[in-house]
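To start, the structure under review is shown below, and the notes come after it.
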There are 2 protein chains.
Amino acid sequence: MVNTACGSSTQHQENVRKVRESMLSEREFLFMAELFKALGDYTRIRILSALAINELCVCALAEVLDMSQSAISHQLRLLRAAKLVRYRKEGKNVYYSLDDDHVRNLLAQGSDHIHEIG
Amino acid sequence: MVNTACGSSTQHQENVRKVRESMLSEREFLFMAELFKALGDYTRIRILSALAINELCVCALAEVLDMSQSAISHQLRLLRAAKLVRYRKEGKNVYYSLDDDHVRNLLAQGSDHIHEIG
DNA sequence: TCCTTGCATGATCATCTGTTCACATATGAT
DNA sequence: ATCATATGTGAACAGATGATCATGCAAGGA
């Protein structure tokens with residue numbers, strides 16, 4: 001730590017004060033970090049992108065991503081915890097889908113961003 | 001692996017085919033995962049949120065977040081790699097800011113999402 | 001020139017993460 | 001009832017991650 005105020009200039013202190021006042025709460029930042037963390041994995045982003053196209057059961061997801069059912073199931077657990085997916089049971093199968101259009105928007109924004117920066 | 005096609009129903013296979021066709025490339029998913037991974041950390045999301053309010057030098061960021069300059073600097077390195085921030089040098093100081101409005105939109109979307117789900 | 005300041009970075013280490021494996025549960029079919 | 005199938009989950013292990021510490025480097029002031 002020991003941040004001895006690099007520049008003690010008026011502008012510096014004014015910026016620090018202004019930013020401090022406008023920052024969200026610790027709780028909000030923790031939630032946002034969890035949200036993006038849930039999106040920030042190669043497997044999970046593919047799961048969400050697949051569900052953005054069509055509702056799918058677990059075994060279909062495993063087939064699409066060419067991964068074990070267990071691995072998919074573990075990741076779906078995290079996505080449920082982050083409220084990014086819904087699910088409904090039908091017989092022996094469990095069908096997953098995106099929780100709402102908000103998630104779809106986040107995916108679209110992410111896609112836009114990477115296509116912009118090449 | 002060994003995904004023995006849970007349901008061999010026509011609908012199941014049709015869904016798998018449709019989703020497979022519409023999925024992005026491995027490269028694109030890797031980029032998106034990296035993007036969200038960069039956003040998915042308590043320290044980095046606070047750095048970005050601070051920069052969304054005002055351009056800041058490294059020491060000001062350290063002061064705002066009450067963290068060591070070294071820790072901030074390491075995280076800024078990742079944010080630069082993800083093209084989420086810009087920087088300009090001025091004398092001994094280095095001033096960081098958000099790379100573009102796209103980043104601002106992602107932050108706003110994230111904020112919206114967490115406020116929706118409570 | 002020498003020193004201080006602001007920033008960057010390699011090494012280290014504790015912690016977190018994601019997959020696999022084994023197994024449990026549940027539902028439907030025979 | 002028995003069995004196969006679809007899914008969920010705990011343990012465990014390898015690899016990734018984030019803060020700290022020490023140090024390096026560049027720029028400005030004495």
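Proteins come first, then strands; the chains are lettered A, B, ... in the order of their sequence lines, and each starts at number 1.
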Identify whether the distance between the nearest side-chain nitrogen and carboxylate oxygen of Arg17(B) and Glu21(B) falls below 4.0 Å. yes
Scan residues 35-53 of chain B against DNA chain D and write down, sorted by residue number, each residue with any heavy atom closer than 4.0 Å; if none is found, say none. Lys37(B), Asp41(B), Thr43(B), Arg44(B)
For the pair His113(B) and His102(A), name the ring-plane relationship: parallel under 30°, tilted 30 to 60°, perpendicular over 60°. tilted
For atom OH of Tyr87(B), is the number of surrounding heavy atoms from other residues, nucleotides or ligands below 6.0 Å larger than 12? no
Whole-Å gap separating P (dC7(C)) and CG (Leu56(B)): 11 Å
Where the side chain of Asn93(A) is concerned, which of dT7(D), dT9(C), dA19(D) is the nearest nucleotide? dT7(D)
Would you kindly give the CD-to-C1' distance between Glu63(B) and dT5(C), to the nearest whole Å? 15 Å
Qualifying residues under salt bridge (Lys or Arg N to Asp or Glu O under 4.0 Å), relative to Glu26(B), sequence neighbours excluded: none
Take atom NZ of Lys92(B) and atom P of dG6(C), then tell me their distance rounded to the nearest Å. 5 Å
Among dC7(C), dT20(D), dT27(C), which is the nearest nucleotide to the side chain of Cys59(B)? dC7(C)
Report the residue (Ser70(A) or Ile72(B)) whose heavy-atom-nearest nucleotide on DNA chain C is the more 5′ of the two. Ile72(B)
Any chance the side chains of Gln109(B) and Asn105(B) put a donor and an acceptor closer than 3.5 Å? no
In whole angstroms, how far is the C1' atom of dC7(C) from the NE2 atom of His12(A)? 14 Å
Any donor and acceptor pair, going by atom type alone, linking the side chain of Ser111(A) with main-chain N or O of Leu107(A) inside 3.5 Å? no
With a 4.0 Å cutoff (strictly under), does any side-chain N or O of Tyr95(A) reach OP1 or OP2 of dT7(D)? no
Linking I/L/V/M/F/W/Y whenever their side-chain heavy atoms sit closer than 4.5 Å, directly or via other members, would Leu98(A) and Met23(B) fall into one cluster? yes
If you count the non-hydrogen atoms of other residues, nucleotides and ligands that lie under 6.0 Å from NZ in Lys83(A), is the total more than 12? no
Here the residues of residues 73-90 of chain A within 4.0 Å heavy-atom distance, strictly under, of DNA chain D are Ser73(A), His74(A), Arg77(A), Arg80(A)
Return yes if some donor-acceptor pair links the side-chain N/O of Asp100(B) with the main-chain N/O of Val103(B) below 3.5 Å, else return no. yes
Whole angstroms only, please: what is the CD-P distance between Gln69(B) and dG24(D)? 16 Å
